[in-house]
Amino acid sequence: MAFAVTSSSSSTAISGSSFPRSSASPDLKVPQIGAVRLADRHATVSLSRRRCAVKPVNAEPKRNDSIVPLAATIAAPKISEKVEVEDFEQLAKELDNASPLEIMDKALEKFGNDIAIAFSGAEDVALIEYAKLTGRPFRVFSLDTGRLNPETYRFFNEVEKHYGIRMEYMFPDAVEVQALVRSKGLFSFYEDGHQECCRVRKVRPLRRALKGLRAWITGQRKDQSPGTRSEVPVVQVDPVFEGLDGGIGSLVKWNPVANVDGKDIWNFLRAMNVPVNTLHSQGYVSIGCEPCTRPVLPGQHEREGRWWWEDAKAKECGLHKGNLKQDSAAQLNGSGNGASHANGTATQSDIFNSQSLVTLSRTGIENLARLENRKEPWLVVLYAPWCRFCQAMEESYVELAEKLAGSGVKVAKFRADGEQKEYAKTELQLGSFPTILFFPKHSSKPIKYASEKRDVDSLMAFINALR
């Protein structure tokens, strides 16, 4: 990435390593992912330009709108930028045989400052090297969970010095970490699984980071985890997370090394003489948090060193949850109209699991629907655990439930697929999964949430408008 940063009252600039570094100011920090965007939104004329305040140093200087005559700004017509919808499935097919360098170049060309590399502290340094070789400006961010190996922290520092960059670190919320540790201890994941800890320390910080981007770049490879990553494309619409504009489809995920073998990645790193994490020489291949990572033995797959006490078929922390394979029959239609098994339900692990959420049975939701004078309002999601849109909103809905705990609003879930689907369609306004209903205190008829935006802020605004 090699940032060269200059600053004035009107602009900030970032350049790749192909640009001179002499203008870099050591006292300035690269803007954080998700930081307030500084572009002038008050000008009457909206030109076709990228919506960001960070530009390569070789770009033209930002125009000072204060020197434009007032009459010109008043008379100028408002021009709306037309956004074309890209077919990323087709693009993935076109780039399937492309080199990682070509894929990286295409990603940086398309998204500029609105894309960033996710660096994990393992062989993702290859991504930074490819980005540097394109000669384009680029950004790098990483998740500091607070539980990484000392060697990984030293590796971060070495990579920053080698490339002349400043990574954008994302940290977990201190209050959430404190609550988890106080209630369940430091090592609860050994007893009840790693998902809760990963959600607090990794998934939510990542979600905050991605809300400031339109695309991100990962080091996923098909050979990393045959059970979950064997079909990873080189580019895709992110099936789990949301980007800057919010809603499903607002974030693009690039995987430039998806088709590269692990041994070829290491041949590349050796050939380019780049820094590597010293843990690799100690038998570590896939590197995560210190308590959850160990070296692998000869003949073991690299992911067997991660969460070794759990099922070897699902070695994901939640950052790439979209890789987890759904029931093939239930995949027929992403809106939840797929076929079911003989027992009327799809075989998929349940979602929306939280102590702050009420699980409603058929009898429970029938009773809730019949009440005309409830003591408190209820928010209920009608879902199917195999539905990728339900999976995509899982983290935000759980976070909402935890935020509303003790507020007087009950948050619940009702599994409405299989034999419950017909009832949900006729009595609960189910059209597709997920459907979100708000049951007011003094009305028997629930109010359906109509927006496709299912982030915490949007759902909270819906609740606040009605309670």
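Along the sequence shown, residues carry numbers from 1.
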Checklist outcome for this item: Those residues at least two apart in sequence (or on a different chain) that pass side chain to side chain donor-acceptor pair (under 3.5 Å) with S120 are D124

Item to check | Residues forming a side-chain contact (heavy atoms from CB on, under 4.5 Å) with P295, sequence neighbours excluded | outcome: Y284

Item to check | Set of residues satisfying side chain to side chain donor-acceptor pair (under 3.5 Å) with respect to E399, sequence neighbours excluded | outcome: none

Checklist outcome for this item: Those residues at least two apart in sequence (or on a different chain) that pass ring pair (Phe, Tyr, Trp, His ring centres under 6.0 Å) with F119 are F155, F156

Next on the checklist: My understanding is that only residues two or more places apart in sequence, or in another chain, count here; which of them pass ring pair (Phe, Tyr, Trp, His ring centres under 6.0 Å) with F462?
Outcome noted: Y449

All N/O donor-acceptor pairs, side-chain side in residues 258-265, below 3.5 Å, sequence neighbours left out:
| from | atom 1 | to | atom 2 | distance (Å) |
| --- | --- | --- | --- | --- |
| N259 | OD1 | K222 | NZ | 2.9 |
| N259 | ND2 | D96 | O | 2.8 |
| N259 | ND2 | D96 | OD1 | 3.2 |

Item to check | V285: side-chain contact (heavy atoms from CB on, under 4.5 Å) partners, not counting sequence neighbours | outcome: V296, E302

Item to check | Test: R166 and E168 ion pair at under 4.0 Å | outcome: no

Next on the checklist: Tell me every residue that passes side-chain contact (heavy atoms from CB on, under 4.5 Å) with E176, counting only those two or more places apart in sequence or in another chain.
Outcome noted: D173, V200, R204

Next on the checklist: Centroid separation under 6.0 Å, is that true for the rings of F268 and Y130?
Outcome noted: yes

Checklist entry - With sequence neighbours excluded, what pairs up with R154 under the side chain to side chain donor-acceptor pair (under 3.5 Å) test? => result none

Checklist entry - In chain order, what residues pass the side chain to side chain donor-acceptor pair (under 3.5 Å) check against E160, with sequence neighbours excluded? => result Y169

Checklist entry - For K184, which residues count as a side-chain contact (heavy atoms from CB on, under 4.5 Å) partner, sequence neighbours excluded? => result L180, S188, D192, E196

Next on the checklist: My understanding is that only residues two or more places apart in sequence, or in another chain, count here; which of them pass ring pair (Phe, Tyr, Trp, His ring centres under 6.0 Å) with Y190?
Outcome noted: F187, W309

